[in-house]
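First comes the structure, then the notes that go with it.
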Protein chains: 2
Amino acid sequence: MAPRENQRARTRRSILDATAALLDEGRADPSIDEIADRALVSRATAYRYFESASDAVWQVVSDRSLTPPEEALAGAGDDVTERLLRVEKVVNDYLFGDPNGTRAFERAVLGRALDGSGTPDDRAARRLHYIDAALEPLAGRLSPHELELVRHALALTMGSQVVTTLLDTCRLDPAAARDVTTFALGAIVAEALRLVDARGGAPQLPEAS
Amino acid sequence: MAPRENQRARTRRSILDATAALLDEGRADPSIDEIADRALVSRATAYRYFESASDAVWQVVSDRSLTPPEEALAGAGDDVTERLLRVEKVVNDYLFGDPNGTRAFERAVLGRALDGSGTPDDRAARRLHYIDAALEPLAGRLSPHELELVRHALALTMGSQVVTTLLDTCRLDPAAARDVTTFALGAIVAEALRLVDARGGAPQLPEAS
DNA sequence: ATGTTCATGCGATAGGTGTATCATGACGAG
DNA sequence: CTCGTCATGATACACCTATCGCATGAACAT
């Protein structure tokens, strides 16, 4: 057992709670000092637990759990489109609902990319778990390469960067933005299904095999 | 005529050149001091010309002109897919070729979004000009609403945010990333063409040819 | 209770941003 | 050439990040 586990856990929680509170109050980009003060902890300690302020924000935002994939897909059939729409709703409703937190998250991702910190970043990649879960009925029916293509193309329709693109760059409102994501998603799924048909899976075309 | 126009133009150029030089040397995120020193200008002056370091970077990156839409589309027929692939190539080749500059650009966009500066940001939205130019043959054949959907969905496949998503979050290499963007683009175009067929426009049949 | 360990607080340091003020002196019109 | 204008440089300030070394004292084993 680690030396002072409880104490450390308490401190960590305190910092995370403080960060979360600040975010909820609309501070999009809290400083380390703010967080430390709020957590009743010295600045040095805050740095001992998190690499930076945006690191803490990152943890908070990404730990505010979304409905997990299994739950989002409970009772869903094999209709890939419906499955994807469900997870898209979970992910994007969440993000478009909290643009501040989302942009702070974005910022953290960018920071990591800039200083080349090599952490695999399992959290930011979480959207792929949702996509994979939704795509599961199709898994065996596409070549590995095709599947990669589809997964990553779908990743372009969900996630924090989409918020930046549609809200900030294209200046859409959240509702219109959601229309766009579902449209794009539908298009990609349709293309994927066409790929499935093209290989073994499907009967219906007068195909030249 | 403004008071000391030439002097000011010279100073401005000097700062931009310095910024560009630093970027080309691989400094992804140059500080104001670095830029000012390199430009043989005091820090205060640098701030008189640009709001921030990333502002200067932004100007540089976005002014390094891409092939303009008309040129990219010269000699292209009415095949919307081909047209879009051309502009996608122009935009994304450029961005994936200079991830550092791109991320600095990203950073600037985010900064603007965070402090809510209301500038319309014609530069970041430039990708829509490319998309519109490529989409031109389809313009009259979709309802305004459908057209908006298609335009913005396509915007998800080009631009700086795509770099962040595919390179940083999904950890693809540039070549694989380009495969993904062209795939997604193809899917969206296909969907758009289906919309065209669904309304009056349908000229040629589902060519199993 | 006693001593060690280790998380913490405190303060200093080094560097970055962004703003303001003020003297200087180059510019350019007369 | 002269003189006022105005871009510039210098400097200071407030605040931020990120890191360091050192003293303190709570936590824990003995």
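Because only heavy atoms are used, hydrogens play no part in the values below, and waters and symmetry mates are left out as well, while side chains stay in. Residue numbers start from 1 in every chain, and the chains themselves are labelled A, B, ... in the order their sequence lines are given, proteins ahead of strands. Computed from a predicted structure; not experimentally measured.
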**Request:** Starting at atom CD1 of B:Ile32, determine the distance to atom P of C:dT19, rounded to an integer number of angstrom.
**Result:** 10 Å
**Item:** Sequence-distant partners of A:Asp79, salt bridge (Lys or Arg N to Asp or Glu O under 4.0 Å), two or more places apart
**Value:** none
**Item:** Candidate list A:Leu16, A:Asp24, A:Ile15, test side chain to side chain contact (heavy atoms under 4.5 Å, CB included), partner A:Val60, passing option
**Value:** A:Leu16
**Request:** Go through C:dA7, D:dT8, D:dT5 for me and flag the one nearest to the B:Arg4 side chain.
**Result:** D:dT5
**Prompt:** Nearest-Å distance, CZ (B:Arg10) to C1' (C:dG28)?
**Reply:** 12 Å
**Asked** What pairs with B:Glu136 under salt bridge (Lys or Arg N to Asp or Glu O under 4.0 Å), at least two apart in sequence or on another chain?
**Response** none
**Complete:** For A:Asp37, the salt bridge (Lys or Arg N to Asp or Glu O under 4.0 Å) test, sequence neighbours excluded, returns none
**Asked** C:dT5 P sits how many Å from A:Arg8 CZ, rounded?
**Response** 17 Å
**Prompt:** B:Thr19: what forms a side-chain hydrogen bond (donor to acceptor under 3.5 Å, both in side chains) with it, not counting sequence neighbours?
**Reply:** none
**Item:** B:Gln7 CD - D:dC6 P separation (whole Å)
**Value:** 12 Å
**Asked** Atom CD of B:Glu34 to atom C1' of C:dG18: distance rounded to whole Å?
**Response** 17 Å
**Asked** Starting at CG of A:Asp33 and ending at C1' of D:dT17, how long is that distance when rounded to a whole Å?
**Response** 9 Å
**Request:** Mind running a 4.0 Å heavy-atom check of residues 38-49 of chain B against DNA chain D and sending the residues that fall below it, in number order?
**Result:** B:Leu40, B:Val41, B:Ser42, B:Arg43, B:Ala44, B:Thr45, B:Arg48, B:Tyr49
**Request:** Return each pair, listed once, that meets side chain to side chain donor-acceptor pair (under 3.5 Å) where at least one residue sits in residues 67-78 of chain B; pairs must be two or more places apart or across chains.
**Result:** none
**Asked** Under 4.0 Å between a side-chain N/O of A:Thr11 and OP1 or OP2 of C:dA7, yes or no?
**Response** no
**Item:** Atom-to-atom span, CD1 of B:Ile35 to P of C:dG18 - whole angstrom
**Value:** 11 Å
**Item:** Spacing of A:Arg27 atom CZ relative to D:dC15 atom P, expressed in whole Å
**Value:** 14 Å
